[in-house]
Amino acid sequence: MTTTDIVTVGNRPRLENRPLRKILGRPEIGALVAALAVMLFFSVYTSTFMTLSGAGVWLESASTFGIMAVAVALLMIGGEFDLSAGVMTGFTALVVGILTSHYGLNIWVAAVISLVLALAIGAINGLLVMKTGLPSFIVTLGTFFVLAGIDLAVTKLITGQVAIQGMTSVPFYDTIQPLFGASIQIGGGTFYVSVLWWFVATAIATWVLLRTRAGNWIFAVGGELKSARQVGVPVLRTKIGLFMTTAAAAWLVGMISLFRTSTVQANTGVGQEFIYIICAVVGGCLLTGGFGSAIGAALGALIYGMVFQGITFAQWDTNWLRTFLGAMLLLAVFLNHFVRTRAGGSR
Amino acid sequence: MSATGTRPAVSEAAPIVEVTGIGKSYGPVNALSGVSTSVKAGEVTCVLGDNGAGKSTFIKILAGAHSPSEGEFLLDGKPVTFSSPRAALDAGIATVYQDLAVIPLMPVWRNFFLGSEITRGVGPFRRLDVGEMKKITYTELDNMGIDLRDVDQPIGTLSGGERQCVAIARAVYFGARVLILDEPTAALGVKQSGVVLKYIARARDRGLGVVFITHNPHHAYPVGDRFLLLNRGTSLGDFAKKDITLDELTSLMAGGAELESLAHELERTLGGSSPIVQQLEAEAERQPGRPDGGRPRRG
C-alpha cells in the first residue's frame, strides 16, 4: 500500500475504544443474556439441571436444533428462508434407511447418496427462488410439502410401514454409527458427539461470516441485493450456496438422529423448520436479512434445549414450551427492530 | 498495491474522454443526439439539464450501460465501444449512482471493499485482511477529508453526504480515472451539498476527471471547469468556464432557447413591432454562446 501520490497522507486509524457500546451492538447479546437467565433459573429451581447428567440431556437436546439454527441463520442473513429444512432432516435419514435396510446398499454409499440428494434439493430451492424472483417463503413451502408427501408415501410404498426398523442389523452399521451417534460418559452424564458437531458447525459458520469473502457477500446479498450486484458480488452463487449449506446441515442432523436411535419415522422433522427460524431470530437475525450471527443462533438453540429439558426437570406440563418460545420470539423481534432502526436510521 | 495511480499533469493535457456528436435512439425515438464535450484529468465537466433533458442517457453512454447509436467516443484519443459497465470500469470510468450501491447495515470498511476484498492465507485459511482493509478505508477517507470516528460503524448511520463521499472515495481507490457522479447533491440539503462539492473538488485535485451531473447551476459553477447544457435530448452548448458566467448559465438553464422560440411564435400572431416581442428578442439576444454553441448536428 503506497499513498505517495497524495498530498496529505492520513493518520493511522483512530479506532476508538468503546468496548461497552461495541458489545451492546452485537446481534447475539440478547440471546446471551436470555441464555444465562434461563440457565440460572433452572439451576436454582431444579436440583438436576446443573448436574453433569442434566447438562448431558439439555446439550443433546440443543445440539441438533443448534446445527440447523446456525445454517438457517446464515440463510436468513442472506435474506432467504427455508421451510423445507425440517422435513429434509427426515428425508435424508429415510433415504439411508430405505437404501440399506430394503435394497441392501452399502451404508456408506447410501449416506453419500443421501448427501448428494440433499444438496441437489438445496440447489433446486435456490435456483427456483433466484430464477423466478418469488419469495423463498413460498418456494420452500412448496418443496416442504412435496418432500413431506414423498417421505410418507414412498416409505409406505416400499416398506409397507411408516418407520424404518432394524437398522442395527445392516452390514457395517457399527463403522458409521460412532461418527454421528457416539456418546461418552462423564461423571453421571451422557454426552453425545452431536454436541461436538454443533460446536464445529457454529465455529465454521462464524469464521465464514466474519472472516471470509463469502461471509461479506452473505451480509451483502441479504442487506441490499441490488447494491451487492452493482459492486460485483456473485449474487446467484452466494444464494444457491446458502440453500445448499442448509440442505447439508439437514443431512448432518438426519444422520445424527438416524444413528443415535437406529430408527427413523416417516414424519421426522415436520414442523421443526419454524423452531430453527425462532432460534435464529432469538439469536439476533433480522427477518429482512443482512444482519445476524451464527453464535447467536447457537445460543438460541441452547435456550430452546435448556427450556425444553428444564420444563421436564421441573415436572411442569411440557406444552408450556411452545408458549415460552412464542414469547421469546416476540421479545427478540422487538429487540431486533430497535437495533435496526438505530443502525439503519437515516434510510 | 495502491490503485490510486500517479497524478497526471493538469489542464493542458489531452482529454481522457472526448465525445463528438454522440447520440442514442431507441427505435424512432431520439433520446439524445449531437452531444459533444470532453473530460480532462484534474477537471470537472458539469452536465446540466432539467428533468428529461437526456442527462441519464448521456451518463449511461459514458458508463458503458448503453452503446451510442451515433457519434464518436474517444478514450485517450482512441475510439472505444464498451460492452458493459464492467468494461467501462476496467477502463477506469467509474460511476457513482444516486443509490450509491452501499449496504446500510454493513460497516463502512466492509462496504468500502465489498466485491473486491483483500485476503491473505491460502486454501481453507484464506481470510479477510481485516486490519489492512480498515487501515486503508480510514486513510482513503481521511485523504478525501472525511474524518470518521469509527470505520466499524454501519454505513447507514452516516449522513447522506458522508455516504456519497465514501462511494466517491471507493471509486477513487479502485483506480478510477474518470468519475461520473449522478446527481450527487439532488437529495441533499444546502450544507450537505456543500460538503459533497468539497469532495468533488478533492477528487479533481487528486487528478481525476470528474463528470458532475446536476440540474443546479449554483452547485455546478463553483467546481466546474466545463459546462455541457442539455435540453430535450440535444445540446444547448458546451462551454469552458472562461466563456460563461453564472448568470448566463442560469438563464440558459431557465430556457433561453424557449424565450427565443416564444418570441418567434408571438411575432406571427402579434406582428414584429409588438413591444412584447421586441422585449423577448432582446432578452434572447443576451443569451451566450448561440447560435454556434453546439446546435445539434444531425445527419
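Below, chains carry the letters A, B, ... as their sequence lines are ordered, and counting in each starts from 1.
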Can you name the residues that form a salt bridge (charged side-chain N to carboxylate O under 4.0 Å, His left out) with Arg126(B), not counting sequence neighbours?
none
Heavy-atom distance under 4.5 Å to chain A: side chain of Pro124(B), backbone, both or neither?
backbone
Determine whether a donor-acceptor pair (N or O, by modelled atom type, separation under 3.5 Å) exists between the side chain of Arg213(A) and the backbone of Gly115(B).
yes
Take Met106(B) and Phe291(A) through the test side chain to side chain contact (heavy atoms under 4.5 Å, CB included) and record every step on the way to the result.
CA-CA 8 Å; Met106(B) 288 176 80; Phe291(A) 190 77; over 6 Å; no
Ala220(A) and Ile103(B): which non-hydrogen atoms are nearest, and at how many Å?
O-CD1, 3.8 Å
Within this structure, what is the CZ-CG distance for the pair Arg110(B) and Asn216(A), rounded to the nearest 0.5 Å?
5.0 Å
By residue number, those in residues 243-256 of chain A with heavy atoms under 4.5 Å from heavy atoms of chain B are none
Engaged part of Ser116(B) at the chain A interface, taking heavy atoms whose separation is under 4.5 Å
backbone
Walk me through whether Leu114(B) and Trp217(A) qualify under side chain to side chain contact (heavy atoms under 4.5 Å, CB included).
CA-CA 8 Å; Leu114(B) 187 60; Trp217(A) 298 342; 4.2 Å; yes
For residues Val102(B) and Ser227(A), report the shortest heavy-atom separation together with the two atoms involved.
O-OG, 3.3 Å
Side-chain heavy-atom pair Asn111(B), Val231(A) within 4.5 angstrom cut-off:
no
Under 4.5 Å from any heavy atom of chain B, what part of Leu210(A) do you find: side chain, backbone, both or neither?
both
Heavy-atom pair with the smallest gap, counting every atom of Pro104(B) and Glu224(A):
CD-OE1, 3.8 Å
